[in-house]
Amino acid sequence: MTTTPAFRDPAELAGVIGVEIPADLLEQALTHRSFAYEHGGGHYERLEFLGDAVLQQVVTIELFERFADMPEGDLAKRRAALVSTVALAEIARRIELGPFIRLGNGEISTGGAEKSSILADVVEAIIGATYLSVGQEAATTLTLRLVTPLFEDVDRFGASMEPKTELQELCDRRGIGKPVYSIASAGPDHARRFIATVTIDDVAYGSGEGTSKKAAEGVAALAAWTALTAK
């Protein structure tokens with residue numbers, strides 16, 4: 001007999017996001033396909049599709065109005081950063097969304113509630129559910145409330161999309177040495193973790209962990225980028 005895991009009551013989320021979404025629709029927005037496969041019912045992917053469109057529109061208009069003299073290319077780059085998986089996952093973590101997400105046992109065992117891709121998808125699904133249940137104005141208000149805190153840090157989210165490239169370009173602009181990455185690993189073969197350290201001119205600027213060398217280097221590069229831009 002399959003048991004249903006315990007997740008936080010979706011009703012508690014209404015107070016966090018400030019929107020009253022019908023219980024069945026909110027539950028769908030919080031349901032990953034792995035849970036639906038194991039227990040039946042719908043999942044969030046159609047709502048995510050709708051929410052992504054709303055998010056893109058709201059962020060585009062807000063950028064257009066905020067930065068009246070910014071060229072199209074720079075606006076597009078900022079938009080991409082603000083709607084990126086990294087940015088949306090940060091929003092999800094800020095509102096502690098993970099415990100509300102209904103996941104199948106396989107996703108639970110691999111830490112699905114902390115995966116950036118799932119967290120980002122559910123943020124979009126909630127926006128989509130808001131649009132369906134209470135309309136465009138409420139969806140716009142929610143989107144701005146979630147995204148506006150990121151506007152002051154938009155360059156970091158841009159860097160997070162291509163951290164190694166952004167770090168290299170930053171080093172070039174500053175006329176300093178090229179980033180050099182070193183890799184160590186730990187753990188058994190089936191659960192190997194990689195630890196990357198990036199040095200510039202023989203000074204360590206950042207380190208990071210990941211399930212692959214590429215992922216670890218990306219985390220380390222973003223840490224180094226953040227350290228350099230803070231100077």
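Note that the numbering runs from 1 along the sequence shown for the chain. Just so you know, these numbers use all the heavy atoms, side chains as well, and skip hydrogens, waters and symmetry mates.
A single hydrophobic cluster is seen to contain both Met70 and Leu63, as judged by linkage of ILVMFWY side chains at heavy-atom distances under 4.5 Å, directly or through other members. When the side chains of ILVMFWY residues are joined at heavy-atom separations under 4.5 Å, either directly or via intervening members, Leu119 and Val219 end up in two distinct hydrophobic clusters. Following chains of ILVMFWY side-chain contacts shorter than 4.5 Å, one cannot reach Ile61 starting from Ile127, and the two form parts of different hydrophobic clusters. Under the 4.5 Å side-chain heavy-atom criterion for grouping Ile, Leu, Val, Met, Phe, Trp and Tyr, Leu88 is connected to Leu144 within one hydrophobic cluster. Hydrophobic clustering of Ile, Leu, Val, Met, Phe, Trp and Tyr side chains at less than 4.5 Å, counting indirect connections, unites Ile176 with Tyr181.
Taking 4.5 Å as the limit, some side-chain heavy atom of Pro179 sits within range of a side-chain heavy atom of Gln168. Looking at Leu30 and Ile126, their side chains come closer than 4.5 Å, going by heavy atoms from C-beta outward. Side-chain contact between Val147 and Val58 is absent, with no heavy-atom pair separated by less than 4.5 Å. Within the 4.5 Å cutoff, side-chain heavy atoms of Glu169 are placed close to those of Thr165. With a 4.5 Å cut-off on side-chain heavy atoms, Leu132 and Ile21 do not count as touching. A heavy-atom distance below 4.5 Å is found between the side chains of Arg173 and Leu170.
Nearest heavy-atom pair across Pro22 and Ser133 is CD-CB, 3.3 Å. The two residues Ala125 and Ala29 make their nearest non-hydrogen contact at CB-O, 3.6 Å. Of all heavy-atom pairs between Gly18 and Arg145, the closest is CA-NH2, 3.9 Å. When all heavy atoms of Phe100 and Phe7 are compared, the pair lying nearest together is O-CB, 4.4 Å. Across every non-hydrogen atom of Gly208 and Ala220, the tightest pair is N-CB, 3.8 Å. Listed here is the closest heavy atom pair of Thr31 and Gly42: CG2-O, 3.4 Å.
A search for salt bridge (Lys or Arg N to Asp or Glu O under 4.0 Å) contacts involving Glu96 returns nothing, not counting sequence neighbours. Partners of Gln28 according to the side chain to side chain donor-acceptor pair (under 3.5 Å) rule, which considers only residues two or more places apart in sequence or in another chain, do not exist here.
Atom OG1 of Thr130 sits about 4.5 Å away from atom CG of Leu142, to the nearest 0.5 Å. A distance of 9.0 Å separates CD1 of Ile101 from NE2 of His32, quoted to the nearest 0.5 Å. The structure places CD of Glu20 at 9.5 Å from CG of Leu26, a figure rounded to the nearest 0.5 Å. One finds the CG atom of Leu82 at 12.0 Å from the OG1 atom of Thr143 (value rounded to the nearest 0.5 Å). Rounding to the nearest 0.5 Å places CD of Glu217 at 10.5 Å from OG1 of Thr197. With rounding to the nearest 0.5 Å, the separation of CD in Glu209 from OG in Ser185 is 11.0 Å.
In this structure, Arg33 places its CZ atom where only 12 or fewer heavy-atom neighbours from other residues, nucleotides or ligands lie under 6.0 Å away. More than 12 heavy-atom neighbours from other residues, nucleotides or ligands sit within 6.0 angstrom of NZ on Lys115. By the 6.0 Å contact criterion, CZ on Phe67 is enclosed, its count of non-hydrogen atoms from other residues, nucleotides or ligands being greater than 12. With a 6.0 Å radius and a threshold of 12 heavy atoms from other residues, nucleotides or ligands, Asp202 has its CG atom at or below the threshold.
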Side-chain donor/acceptor pairs under 3.5 Å, residues 46-57, sequence neighbours excluded:
| unit_1 | atom_1 | unit_2 | atom_2 | d |
| --- | --- | --- | --- | --- |
| Gln57 | OE1 | Gln136 | NE2 | 3.4 |

Step-by-step side-chain contact (heavy atoms from CB on, under 4.5 Å) determination, Arg93 to Glu114: CA-CA 8 Å; Arg93 293 186 179 103; Glu114 280 301 312; 3.3 Å; yes
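Without hydrogens or angle criteria, Arg66 side chain to Phe151 main chain gives no donor-acceptor distance under 3.5 Å. With hydrogens and angles disregarded, a donor-acceptor distance shorter than 3.5 Å links the side chain of Ser109 to the backbone of Gly106. Checking side-chain atoms of Glu38 against main-chain N and O of Asn105 turns up a donor-acceptor pair under 3.5 Å. A side-chain donor-acceptor contact under 3.5 Å links Arg94 to the backbone of Leu146.
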